[in-house]
Structure formats: C-alpha cells, structure tokens
Amino acid sequence: MSIFEEVHDRLNTRSVKWDMRKVIFQTEDVLPMWVADMDFKAPKEVNEALIKRAEHGIYGYTVVDNEVKDTIVNWMKSRHDWKINRDWLSFSKGVVTSLHMAIQAFTEPKDKVLIQTPVYSPFYKVIDAHDRELVKNPLIKKDNYYTIDFEDFEKKLKSGVKAFILCSPHNPVGRVWKNDELKEMARLCLKYDVIILSDEIHADLVFPSEKHIPIASLSEDIAEQTVTCMAPSKTFNLAGLEASYVITSNKEKQKKLIAEFNKQGHGNGLNTMANTALESAYKYGAPWLDELIAVLEDNKNYVTEKIESHTDLKVIRSEGTYLVWIDCSSLGLGAKELKQFMVQEAKIGLNAGIDYGEEGEQFMRMNIACPKATVEEGVNRIIHAVKNK
Ligand SMILES: Cc1ncc(COP(=O)(O)O)c(C=O)c1O
C-alpha cells in the first residue's frame with residue numbers, strides 16, 4: 001500500500017484540523033477537509049532526522065548554517081530553475097509572520113496595499129492590522145477559471161499603491177501564474193515603483209503540466225523589486241514545525257526586513273527542529289514530493305469528475321495547490337446558509353469561501369491532501385446532501 005493511501009488517526013495530537021472541530025464548526029460530527037495541512041506523514045527521512053536530533057537530547061540555541069542554506073539554494077535551482085545566493089536568505093517561523101514584518105518594513109500607515117481577490121484571508125489581516133489601506137484587484141472568473149484583470153491592476157497601481165502581495169500559486173483559486181502574466185504584473189510594479197511581496201508557499205505543489213516560476217527569477221530588475229516568502233511547510237507537511245524563509249537579492253530591502261524582525265524580537269533564525277526538518281526535506285524529499293503530486297492530481301480529478309457529474313456544483317479548474325475551490329452558487333444559498341448546509345447537512349468541515357473575500361460568498365474550499373478513501377467520503381457526503389436538498 002502506498003504511504004499516501006494510509007489513513008492515520010490524528011485525533012488527540014493537538015491537530016488544528018481534527019481537534020479543533022468543535023470550536024470551528026460547533027460539532028465534532030464533520031469530516032475535516034479545511035485548514036491547509038495534509039493527513040499524510042512527512043517523508044521518512046525527515047522523521048528519521050528529527051528522531052536522531054531528539055536522541056541527542058540537548059536543544060540549545062541553534063544556528064542556520066551554510067549547509068542548511070545550501071539545501072535551499074539547491075532546491076531553488078533544481079525545482080524552480082532559480083539561481084539564488086545564500087546571502088539573499090533570511091529566516092522566520094512562518095510566511096504570515098514574514099508578511100506582517102515586510103508590510104511594516106516597506107510601507108507606512110495608510111499606504112495602499114494591493115491584493116488579488118478572492119485570496120488567502122491572512123492577507124487582509126496583514127493590511128488591516130498595521131493600518132494600511134486595502135486595494136483590491138479582483139480576479140476575473142470565466143469558464144470556471146480565474147485570470148487577472150490587468151486594466152484594473154494598472155489603474156489601481158497608478159492610484160498610489162506602495163506594495164502588492166502576490167499569491168503565487170494562488171490560494172484559493174489554484175492558479176499557477178504563467179510567464180506572461182508574471183512578466184506583466186512585474187512590468188507594471190516596476191513602472192509604478194510598487195514593491196512585490198510574493199507569497200510562494202505553494203510553489204512546489206503544482207501539477208505536472210504546469211511550471212511554477214518565481215517572479216523574482218524573471219530578471220535582475222524584478223528581483224530587486226521583490227521579496228519572496230517561501231517554506232517547506234506546505235510541500236512536506238511541516239507546518240507545526242514553523243520553518244520558513246525570505247529571499248531577496250536587494251540588500252537594502254533585506255537589511256530593512258531583518259531590522260524589523262529584530263525590532264519585534266523575532267530574530268532571524270530557525271528553531272532546532274525546524275532547522276533539521278527543512279534541511280532533511282530539501283535534501284531527501286524530492287521523490288516523496290513527486291509521488292505526492294501524482295496523488296493530489298488524481299484526487300483533484302476525482303473530486304471534479306464526481307461532483308460535476310452528480311451535482312450542479314462547479315469545481316474551479318486548478319493548476320496547483322491541494323486546495324479545491326468549489327462554486328456552490330447553484331444551491332442558491334447565502335454565505336451563512338452555505339456554511340451551515342455543509343456542516344449540518346453534508347457533515348463536512350470545509351473553509352467558507354466568504355473568508356477569502358466577498359467574491360467567495362458562494363464558494364467553499366476543500367483540502368484534498370488526504371488519502372483517497374477520505375476524499376471519496378467527503379465527496380459522497382456533499383453529493384448526498386445536495387441531492388437531498
Ligand atoms: C498562501 C499562503 N500563505 C501562507 C500560509 C501559511 O504560512 P505559514 O504557516 O508559514 O505562516 C498559507 C497556509 O495555508 C497559505 O496558503
């Protein structure tokens with residue numbers, strides 16, 4: 001049996017996805033397919049490295065040394081064709097933390113910050129928490145697929161936007177931005193001197209027909225305008241270990257960012273276990289990841305085919321991530337009723353689309369990073385509830 005078919009009991013492991021159901025959905029009687037972690041074990045080499053490190057038994061202050069940094073440099077080259085230098089790296093416990101720091105380092109209160117909606121909800125919080133002004137460039141949905149409204153994008157940048165938080169690949173709509181799209185976004189950001197904060201946490205999770213292109217890899221000018229946030233956490237299911245890093249070739253920007261980290265007492269490093277997990281994942285995890293991607297694509301195709309042939313719901317055509325964005329508008333329910341319907345009738349715990357912006361009001365987001373048996377159960381629950389509505 002493939003390791004991706006094994007069903008693991010995650011109850012009572014302090015899992016947000018499984019053990020917080022009562023808090024989030026007011027009932028434990030839902031199959032949790034929400035928050036973005038996977039029901040799969042991390043690569044065995046990562047587990048072995050962590051156990052070996054734990055056996056040493058001393059957990060003193062830990063440095064991110066060149067050996068660890070080189071695993072990132074090599075990963076960027078081998079997976080993304082991006083040649084970076086060790087000294088472009090800084091470290092943080094999470095991408096969301098880095099975005100909070102970056103917004104404070106590179107913009108001022110009341111500055112305009114642009115995002116492409118519907119989008120990962122903490123982007124809104126990053127803007128709101130520091131009293132920046134939210135500017136939306138809503139994505140265009142056509143034929144079950146999302147694209148960028150470039151006319152609106154330029155109009156908004158021109159209005160004095162200071163920073164653009166790019167989600168690449170995009171959560172929740174599953175787009176893996178093409179070369180032309182990235183080039184055009186970058187060209188306009190250079191034209192209007194807008195800093196690009198590129199959240200590329202889903203970079204490694206793209207289907208085989210697609211290729212993730214780090215926006216900063218397009219040219220030196222674009223790299224100088226960009227701060228890229230990445231992590232092995234989505235890729236290898238390590239979110240609880242809190243390892244992430246920021247890449248920028250721009251020395252001045254890096255200095256400002258690290259100053260912000262220090263000012264807020266976050267430092268610029270990784271904890272002992274994060275260090276070990278990141279290094280071993282990037283050194284040994286590639287075969288595991290290739291296998292995972294095939295499983296995710298199969299799950300996505302299954303969900304799409306099943307849901308669309310048995311209901312009028314539409315599954316948005318995606319190119320990456322393990323998050324599936326489902327258009328539930330045919331049910332004719334408002335955001336609150338839709339949420340209630342999924343919990344009470346379908347008994348499934350999904351993320352409500354409204355949390356990604358008003359454009360998501362009639363959508364739900366489903367996490368398909370779980371064994372096929374779980375995906376089948378989730379899909380059957382939805383179909384059954386929709387048929388009985
Ligand atoms: C686009 C995006 N950015 C960031 C994160 C979370 O990153 P972290 O846990 O490193 O803060 C997620 C998690 O789902 C995400 O989808």
Side-chain angles (χ1 to χ4, degrees), residues 14-17 20 24 32-40 42 72 89-103 113-127 129 139 146 163-177 196-206 212 214-215 227-247 257 261 264 266 268-271 273-275 277-278 281 296 318-325 349-353 355-357 360 363-370:
R14 305 203 169 110
S15 153
V16 167
K17 194 194 225 173
M20 297 267 297
I24 303 295
M33 298 183 80
W34 63 296
V35 67
D37 72 20
M38 310 198 249
D39 291 337
F40 303 127
I72 301 174
L89 293 166
S90 23
F91 295 87
S92 111
K93 74 196 262 301
V95 164
V96 172
T97 301
S98 301
L99 291 173
H100 276 279
M101 298 296 140
I103 274 297
V113 180
L114 182 134
I115 55 176
Q116 295 173 312
T117 56
V119 77
Y120 181 53
S121 50
F123 284 12
Y124 292 90
K125 294 189 194 122
V126 164
I127 296 169
L139 296 169
Y146 283 84
F164 162 39
I165 311 180
L166 168 64
C167 197
S168 173
H170 192 283
N171 169 13
V173 309
R175 277 299 318 278
V176 175
W177 304 115
I196 304 169
L197 306 178
S198 190
D199 176 340
E200 303 190 14
I201 198 167
H202 296 279
D204 300 317
L205 298 166
V206 307
H212 171 75
I215 194 164
V227 169
T228 305
C229 302
M230 286 201 180
S233 51
K234 295 288 151 216
T235 314
F236 296 105
N237 208 21
L238 308 173
L241 288 168
E242 303 194 326
S244 89
Y245 51 92
V246 181
I247 308 173
L257 184 68
F261 276 126
Q264 306 214 23
H266 282 271
N268 170 25
L270 294 178
N271 74 59
M273 291 318 217
N275 226 308
L278 181 147
L296 297 179
S318 69
E319 299 158 336
T321 85
Y322 52 69
L323 307 163
V324 171
W325 189 235
L350 304 176
N351 284 95
D355 293 344
Y356 302 81
F363 288 74
M364 296 301 283
R365 193 192 75 168
M366 179 190 239
N367 176 346
I368 55 159
C370 47

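Numbering of ligands and ligand atoms starts at 1, following listing order. Only heavy atoms go into these numbers, but all of them, side chains included; no hydrogens, no water, no symmetry mates.
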**Message:** Heavy-atom contacts with ligand 1 below 4.0 Å: which residues, ordered by chain and residue number?
**Reply:**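 Within 4.0 Å of ligand 1, the protein residues are A36, G94, V95, V96, Y120, C167, N171, D199, I201, H202, K234.
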
**Asked** Would S92 and S244 count as a side chain to side chain donor-acceptor pair (under 3.5 Å) if you check the C-alpha gap in whole Å, the side-chain angles of each, and the deciding distance to 0.1 Å?
**Response** CA-CA 5 Å; S92 111; S244 89; 3.2 Å; yes

[Y] backbone acceptor or donor facing [X] side chain under 3.5 Å:
X    : Y    : value
Y120 : H170 : no
N237 : A42  : no
K17  : D37  : yes
W177 : C167 : yes

**Request:** Drop me the distance from N268's CG to H266's NE2, to the nearest 0.5 angstrom.
**Result:**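 Nearest 0.5 Å value for the CG-NE2 distance: 12.0 Å.
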
